[in-house]
Enquirer: 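Got a structure for you, written out below as structure tokens; questions coming shortly.
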Amino acid sequence: MKIIIMFIIAYLLGSIPSGVWIGTKFYGKDIRQFGSGNSGTTNTFRVLGKTAGITVLLADVLKGTLAASLPLLFNIPINPMIIGLGSILGHTYPIFAGFKGGKAVATSAGVLLAYNPVFFVYSVCIFIVILFLSRMVSFSSMISLPIITLSSLFIGDWILTIIAFLLTIFIIYRHRENIKRIRNGTESKVPFGLGYKKDKK
């Protein structure tokens, strides 16, 4: 029963639509009506600018970190990654935002941060290098995830490897529209410097 309760709490944490709430409260914009129509970190940067984007990034990472920390708080012997999946599910299909959420990359990173901080830093470095080379957040997410999954094999953590593999498939599926834009050469690129230029629409 405690495990079920933790998973529900994790889902509710993940369901907090940071980008939507910050956009409507402080900017008078529902970011789902602009840019890519996504409610996650990348579209927040694109639509609302750096300050909002960084705030939402931190909030989305924190959701995953808090969710994966629940087993420690409840003193329940279960792998934190499993409970963390609840927050990823919540971020993607949030009950507080009509079950239309983001792609869960930042929240997944937050789960990893709570579970294995050293591997989290390694994973972030991979993402940043690919982002610097490609300037596309979507492309960087989809390429870094398989690399991270393969890298997890070397630390001998099968639960991490299995969950990373499943997340790779899930997140690539969530990026299917981005894949079309990448093929068409119309995918948005991050300018040099932090984040997108603010959408003036």
Enquirer: Can you tell me if His175 uses its side chain to pair, donor with acceptor, with the backbone of Ile171 under 3.5 Å?
Expert: yes
Enquirer: I'd like to know if Phe119 and Ile147 are part of one continuous hydrophobic network [Ile/Leu/Val/Met/Phe/Trp/Tyr, side-chain heavy atoms within less than 4.5 Å].
Expert: yes
Enquirer: Any sub-3.5 Å donor-acceptor pair from Ser140's side-chain atoms to Leu131's backbone N or O?
Expert: yes
Enquirer: Does any N or O in the side chain of Asn184 come within less than 3.5 Å of the main-chain N or O of Thr186, such that one atom is a donor and the other an acceptor?
Expert: no
Enquirer: Would you say Phe127 and Val137 make side-chain contact, with heavy atoms under 4.5 Å?
Expert: yes
Enquirer: Considering residues, nucleotides and ligands other than Tyr93, do more than 12 of their heavy atoms fall under 6.0 Å from its OH?
Expert: yes
Enquirer: Walk me through it: do Arg46 and Asn43 pass the test side-chain hydrogen bond (donor to acceptor under 3.5 Å, both in side chains)?
Expert: CA-CA 5 Å; Arg46 181 183 296 118; Asn43 201 40; 2.8 Å; yes
Enquirer: Are the side chains of Met142 and Ile179 in contact, using a 4.5 Å heavy-atom criterion?
Expert: yes
Enquirer: Shared ILVMFWY cluster between Leu145 and Leu150, side chains joined below 4.5 angstrom?
Expert: no
Enquirer: Do Thr92 and Phe170 have side chains that approach each other closer than 4.5 Å (heavy atoms only, starting at C-beta)?
Expert: yes
Enquirer: Hey, does His91 have a side-chain heavy atom less than 4.5 Å from the side chain of Ser15?
Expert: no
Enquirer: Same cluster for Val118 and Leu113 if Ile/Leu/Val/Met/Phe/Trp/Tyr side chains link at under 4.5 Å?
Expert: no
Enquirer: Without swapping roles, check the side chain of Arg176 against the backbone of Tyr173 for a donor-acceptor pair under 3.5 Å.
Expert: yes
Enquirer: Do Leu72 and Leu62 sit in one hydrophobic cluster, given that two such residues count as connected whenever their side-chain heavy atoms are within less than 4.5 Å of each other, even indirectly?
Expert: no
Enquirer: Go through Asp60 and Ser18 one step at a time and tell me if the side-chain hydrogen bond (donor to acceptor under 3.5 Å, both in side chains) criterion holds.
Expert: CA-CA 7 Å; Asp60 287 351; Ser18 312; 3.1 Å; yes
Enquirer: Count the heavy atoms of every other residue, nucleotide or ligand shown that sit under 6.0 Å from CZ of Phe74, and state whether that count exceeds 12.
Expert: yes
Enquirer: Applying side-chain hydrogen bond (donor to acceptor under 3.5 Å, both in side chains) as the test, list every pair that has at least one member in residues 148-165; sequence neighbours left out.
Expert: Tyr115-Asp157, Tyr122-Ser151, Thr149-Thr168, Ser152-Thr161
Enquirer: Any non-hydrogen side-chain atom of Asn178 less than 4.5 Å from a side-chain atom of Lys103?
Expert: yes
Enquirer: Do Thr107 and Val61 come close enough that some side-chain heavy atom pair is under 4.5 Å?
Expert: no
Enquirer: Determine yes or no for a side-chain-to-main-chain donor-acceptor pair under 3.5 angstrom, with Arg174 supplying the side chain and Gly102 the backbone.
Expert: yes
Enquirer: Could you check if a side-chain atom of Leu73 sits within less than 4.5 angstrom of a side-chain atom of Leu70, using non-hydrogen atoms only?
Expert: yes
Enquirer: Shortest non-hydrogen contact from Val47 to Phe34?
Expert: CG2-CB, 3.6 Å
Enquirer: Considering non-hydrogen atoms only, spot the tightest contact between Val56 and Gly19 and give its length.
Expert: CG2-CA, 3.7 Å
Enquirer: Give a yes or no on whether the backbone of Gly110 and the side-chain of Thr65 come within a donor-acceptor separation of less than 3.5 Å.
Expert: yes
Enquirer: If you compare all heavy atoms of Phe120 against all heavy atoms of Ala109, which two are closest, and at what distance to 0.1 Å?
Expert: CD1-O, 3.3 Å
Enquirer: Of all heavy-atom pairs between Ser123 and Leu112, which one has the smallest distance, and what is that distance?
Expert: OG-CD2, 3.5 Å
Enquirer: Any link between Leu160 and Ile169 through a network of hydrophobic side chains (Ile, Leu, Val, Met, Phe, Trp, Tyr) touching at under 4.5 Å?
Expert: no
Enquirer: A side-chain contact here means heavy atoms from C-beta on lying under 4.5 Å apart; do Ile3 and Ile83 qualify?
Expert: yes
Enquirer: Say you draw a straight line from CG of Leu12 to CD1 of Ile95; how long is it, rounded to the nearest 0.5 Å?
Expert: 7.0 Å
Enquirer: Is a side-chain donor or acceptor of Lys63 paired with a backbone partner of Ile16 at a separation under 3.5 angstrom?
Expert: yes
Enquirer: Please find the pair of heavy atoms, one from Ala114 and one from Ala68, that lie closest to each other, and give the distance.
Expert: CB-CB, 3.6 Å
Enquirer: Which value, rounded to the nearest 0.5 Å, describes the distance between Ile172 atom CD1 and Leu167 atom CG?
Expert: 11.0 Å
Enquirer: Locate the shortest heavy-atom distance separating Thr41 from Gly53; write the atom from each residue and the value.
Expert: CG2-O, 3.8 Å
